[in-house]
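Here the structure comes first, spelled out in structure tokens, and everything after it is commentary.
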Amino acid sequence: GKMAGNYIAYLARQPVNVIEVIGLRGSTPSSDRHRGFLEGIRGNPNIHIKAEVYGNWLKEKASEELLKIKDKLAAGDLVFAQNDPMALGAYEVYKSLGLEKSTRLIGIDGLSGPGGGIQFVANKVLDATLLNPTGGEEAIQIAFRILNREPFNRENILPSVVIDSTNVRIMMLQTDKINGQKQDIENQTGV
């Protein structure tokens with residue numbers, strides 16, 4: 001959330017009206033992303049939040065909630081959705097209203113492959129997505145350290161990256177290469 005806020009603050013050289021599509025009301029990821037977003041835009045007087053809706057992490061729910069405030073959508077220069085499916089839902093609503101060309105859409109997850117945020121950026125559906133690593137491998141390593149009574153860091157910050165038109169092709173090439181290598185390993189091991 002904070003990286004998204006920082007990115008939007010960087011883009012906001014002129015006044016920008018933002019509509020935020022939040023995940024599930026009361027969930028920790030939603031609250032953390034929202035708090036981080038507000039922290040990232042703090043100090044930039046050009047950013048104005050015009051509306052917030054809860055999309056429950058779902059494309060359809062995000063679309064439904066945005067349609068409830070469609071009179072406010074034209075005033076939104078930018079939509080920040082807390083995940084890529086909700087950002088896609090926002091795109092579909094804006095497109096149905098003929099507003100998609102006048103609004104920037106930013107999501108979070110940056111998943112590769114068809115239907116992922118990287119593909120949405122490559123297809124110019126989203127202006128940006130933030131790659132948000134799951135931390136699964138790190139969580140397992142920390143769990144082993146805890147079980148073995150070894151020292152571990154209580155706070156582990158995972159690296160994130162903004163994927164936009166400036167680097168989307170590189171990200172696609174990297175993920176294609178990784179997927180190709182994974183397939184080669186599976187073929188060699190008979191998996």
Side-chain angles (χ1 to χ4, degrees), residues 1-14 16-24 29-30 32-34 36-38 40-41 44 47-67 69-70 72-134 158-176 179:
K2 184 174 182 184
M3 182 175 272
N6 289 338
Y7 180 70
I8 292 167
Y10 170 77
L11 296 175
R13 307 225 189 271
Q14 301 175 41
V16 174
N17 295 320
V18 176
I19 295 174
E20 183 179 8
V21 184
I22 302 170
L24 187 63
S30 295
D32 288 348
R33 287 182 182 186
H34 178 68
F37 173 67
L38 293 177
I41 63 172
N44 188 325
I47 300 173
H48 309 283
I49 297 177
K50 288 297 179 184
E52 296 172 352
V53 297
Y54 286 87
N56 297 354
W57 304 114
L58 303 171
K59 178 182 96 163
E60 294 78 15
K61 182 67 172 171
S63 297
E64 178 185 314
E65 293 301 312
L66 286 167
L67 284 171
I69 61 161
K70 69 179 177 181
K72 294 182 180 182
L73 298 183
D77 304 310
L78 188 142
V79 174
F80 164 56
Q82 290 188 352
N83 74 3
D84 291 333
M86 293 190 303
L88 178 61
Y91 170 79
E92 291 175 355
V93 167
Y94 274 77
K95 185 172 180 157
S96 73
L97 299 172
L99 299 171
E100 79 278 10
K101 294 196 187 320
S102 63
T103 304
R104 291 183 149 185
L105 295 138
I106 297 172
I108 294 180
D109 288 337
L111 298 177
S112 62
I118 294 174
Q119 189 66 51
F120 297 154
V121 173
N123 293 345
K124 300 184 187 329
V125 170
L126 299 183
D127 292 279
T129 183
L130 288 93
L131 176 63
N132 186 31
T134 61
L158 300 172
S160 296
V161 66
V162 175
I163 301 168
D164 60 12
S165 63
T166 65
N167 63 357
V168 69
R169 295 289 172 215
I170 292 169
M171 294 301 291
M172 290 182 76
L173 288 171
Q174 284 181 330
T175 56
D176 288 348
N179 289 337

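Distance check, rounded to the nearest 0.5 Å: CG of L126 to CG of L105 gives 6.0 Å. A distance of 7.5 Å separates CG in L130 from CD1 in I106, rounded to the nearest 0.5 Å. Here the straight-line distance linking atom CD1 of I69 with atom CD1 of I19 works out to 5.0 Å at 0.5 Å rounding.
Applying the side-chain hydrogen bond (donor to acceptor under 3.5 Å, both in side chains) test to S30 and every residue at least two apart in sequence or in another chain returns S27. Partners of Q119 according to the side-chain hydrogen bond (donor to acceptor under 3.5 Å, both in side chains) rule, which considers only residues two or more places apart in sequence or in another chain, are N123. Judged as a side chain to side chain contact (heavy atoms under 4.5 Å, CB included), and not counting sequence neighbours, the contacts of V21 are V53, A62, L66, V79, A81, M86. A12 meets the side chain to side chain contact (heavy atoms under 4.5 Å, CB included) test with V16, N44, N46, I47; sequence neighbours excluded. Partners of F120 under the ring pair (Phe, Tyr, Trp, His ring centres under 6.0 Å) rule, at least two apart in sequence or in another chain, do not exist in this structure. Take N167 and apply the side-chain hydrogen bond (donor to acceptor under 3.5 Å, both in side chains) test, not counting sequence neighbours, and it matches no residue. Listed by chain and residue number, E64, E65 satisfy the salt bridge (charged side-chain N to carboxylate O under 4.0 Å, His left out) test with K61 (two or more places apart in sequence, or in another chain). Partners of E52 according to the side chain to side chain contact (heavy atoms under 4.5 Å, CB included) rule, which considers only residues two or more places apart in sequence or in another chain, are E20, I22, H34, I49.
For residues 47-66, no pair satisfies ring-ring contact (aromatic ring centres under 6.0 Å, His included), with sequence neighbours left out. Listed by first and then second residue, the salt bridge (Lys or Arg N to Asp or Glu O under 4.0 Å) pairs involving residues 78-102 are K59-E92 (not counting sequence neighbours).
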Could you list the donor-acceptor pairs under 3.5 angstrom formed between side-chain atoms of residues 1-9 and any protein atom two or more places apart in sequence or on another chain?
residue	atom	partner	partner atom	Å
K2	NZ	E39	OE2	3.0
N6	ND2	K2	O	3.4
Y7	OH	D164	OD2	2.9

